[in-house]
Amino acid sequence: MQQIARHDLIVIGAGSAGFAAARTARDVGCNVALVDTGPLGGLCILRGCMPSKALLASSDALADARDAKALGIHVEGTTVDMPFIAARKRALVKEFADYRIEGIERFPIYRGAARFLSPTSIAVGEATVLEAPKFVVATGSLIPASVLPGLAETGYIDSDALLEIESIPKSVVVLGGGYTACELGQFLARMGARTTMLIRSGHLLTASDDDVGNALTHYFREEGIDVVDHATLVGAYRRGTEKVVRYSVDGDEREAAGEEIFYALGRVPNVEGLGLENAGIAYDPRLGIQVDATMRTTNPDVYAVGDVTGEYMLVHVAIYQGEVAARNACMNLNESANYEIVGAHTIFSDPQVAAVGASEKALRRLGISYVSGRYDFAEHGKAQCLAKTKGFVKMMADRESGVILGACVIGPQASELIHEVIVAMAFASTADQFMRIPHLHPTLAEIWTYPAEICAAKLGMKMPGDEPIEMATSVPDTGRERLRERRG
Ligand SMILES: Cc1cc2nc3c(=O)[nH]c(=O)nc-3n(C[C@H](O)[C@H](O)[C@H](O)COP(=O)(O)OP(=O)(O)OC[C@H]3O[C@@H](n4cnc5c(N)ncnc54)[C@H](O)[C@@H]3O)c2cc1C
């Protein structure tokens, strides 16, 4: 017998995006229900951000112990207790998941796989049919099966499996150079695995500005990771106890062998089996569900948020999209998501990488006239005191208005340092206004004043002390409006 229930809004998927949508809908008085196949908790908590950062804390500590000799501290005989590290990670994940599940269970929650039957109804498993005038799809992403010839037969681990390892392989071949490959590849290397990274482009983090990607590639090589650039993967096979990856560089075929292969070539939106065609929702299996700026799909009563939309694939973006969609669905609004600042991101490699706003690559592509300023940590007093001198900060400002258009950091505490520019950009600060903000000394944060000063000088703005400080929360022509127009 089928159970039929009705709600104002049904959210499919209780991960970061879906939970944020449900919470927002409930806050505005909507009768909202969640549907999830389980396990409950979402990717971030169970197999993403949190377990990976728990593991990285251990490899960072090991690197700090090794680097301490630069400060006159000799740490002898460091050992890695991998079972302890794995148990610590498991305990943290359980704690985070238990807390999240408590939150999820405050909503009506239907357990099972959802499939659209019509634009206003879904089946959950075999026994339940749910009806609603509006839906939010938040089913996340998955790791696609590898299509590299021979890899499935050879055997490999993906990020899900890597986060569960109890011992470090002696050697590993990492396929990919994106953020997961960088974070977890460096983790393995630092914990003792001889690591080879095969990357298609000229540097790690393809989408980053070349100076950032090249710097990270250099630092990885410097610590012994063999990063092979311009590598085209050909296939894989097993040779005794070794797993071998065949690849070519400029037509020259080569091999990389290891005890394990870490497959880190990215995730795809999870759209399979949702019956999206039954609800008039357009999607592409690799690019995800098509949405407009209001997070509406091609069916205006169905919204899609988070990884399933195929863009960004970051938790804070998933949450933001969930909130926008829920407000639009429950309050009949047309609020548009704006990624100009929300699209900021960070990579927890060492040195860390973080960026907000437009990259130089994007500014050049869009034909925006800008000035930039860069400053190296090697020249910065506090970084020298800490012996953390890898990397640099960079800021880009609009040539006409002086408004900050973007910034990036590669260096110590980059994931924290970027927030200063995120806040400044949220208030449409010019480079000139930014450099006048008081900074404590000596701090890593004060490094930002240098690129800001360089930008201001290039723009012919007055230097600090020339005139009283004037902070504005809006600037008539921000330059960012032009950027938005050109992005379309
Ligand atoms: C190793 C790793 C590290 C990461 N680190 C970071 C980081 O440091 N910072 C960051 O911002 N991002 C990070 N991410 C990305 C981040 O985890 C994701 O962007 C985010 O969790 C996506 O949230 P979501 O709600 O879209 O999807 P999910 O959290 O995956 O939620 C989808 C939910 O839908 C459910 N579901 C699926 N299909 C159905 C169905 N048919 N019916 C019902 N329910 C269904 C699932 O059970 C799941 O609960 C990382 C990812 C990985 C893999």
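All values below were derived from every heavy atom in this structure, side-chain atoms included, with hydrogens, water molecules and symmetry-related copies excluded. Just follow the structure's listing: the first ligand is 1, and inside any ligand the first atom is 1.
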Would you call R106 and E102 a salt bridge, using N to O less than 4.0 angstrom? yes
Do NZ/NE/NH1/NH2 and the carboxylate oxygens of K394 and D376 come within less than 4.0 Å? no
Tell me which donor-acceptor pairs under 3.5 Å the side chains of residues 129-146 have, and how far apart each pair is, sequence neighbours excluded?
| residue | atom | partner | partner atom | Å |
| --- | --- | --- | --- | --- |
| E131 | OE1 | R6 | NE | 2.7 |
| E131 | OE1 | R6 | NH2 | 3.0 |
| K134 | NZ | A329 | O | 3.1 |
| K134 | NZ | N332 | OD1 | 3.0 |
| T139 | OG1 | N270 | O | 2.8 |
| S141 | OG | R267 | NE | 2.8 |
| S141 | OG | D307 | OD2 | 2.8 |
| S146 | OG | L148 | N | 3.1 |

Look at the side chain of N278 and the backbone N and O of S118, then say whether any donor-acceptor pair between them is shorter than 3.5 Å. no
Holding to side-chain hydrogen bond (donor to acceptor under 3.5 Å, both in side chains), I want the full list of residues that pass it with Y375, two or more places apart in sequence or in another chain. none
Got a sec, which pairs hit side-chain hydrogen bond (donor to acceptor under 3.5 Å, both in side chains) with one end in residues 29-55, sequence neighbours left out? H7-N31, R47-D160, K53-E183
List below, pair by pair, the N or O atoms of ligand 1 and of the protein that are less than 3.5 Å apart, including the distance to 0.1 Å; reply 'none' if no pair qualifies.
| residue | atom | partner | partner atom | Å |
| --- | --- | --- | --- | --- |
| ligand 1 | 5 (N) | K53 | NZ | 3.2 |
| ligand 1 | 8 (O) | K53 | NZ | 2.8 |
| ligand 1 | 11 (O) | V315 | N | 2.9 |
| ligand 1 | 14 (N) | Y179 | OH | 3.1 |
| ligand 1 | 19 (O) | D307 | OD1 | 2.8 |
| ligand 1 | 19 (O) | D307 | OD2 | 3.4 |
| ligand 1 | 19 (O) | M313 | O | 3.2 |
| ligand 1 | 19 (O) | L314 | N | 3.3 |
| ligand 1 | 21 (O) | C44 | N | 3.3 |
| ligand 1 | 25 (O) | S16 | N | 3.1 |
| ligand 1 | 25 (O) | A17 | N | 2.9 |
| ligand 1 | 26 (O) | D307 | N | 2.9 |
| ligand 1 | 29 (O) | L43 | N | 2.9 |
| ligand 1 | 38 (N) | N270 | ND2 | 3.2 |
| ligand 1 | 42 (N) | A114 | N | 2.9 |
| ligand 1 | 44 (N) | T37 | N | 3.3 |
| ligand 1 | 47 (O) | D36 | OD1 | 2.6 |
| ligand 1 | 47 (O) | T37 | OG1 | 3.1 |
| ligand 1 | 49 (O) | D36 | OD1 | 3.3 |
| ligand 1 | 49 (O) | D36 | OD2 | 2.6 |

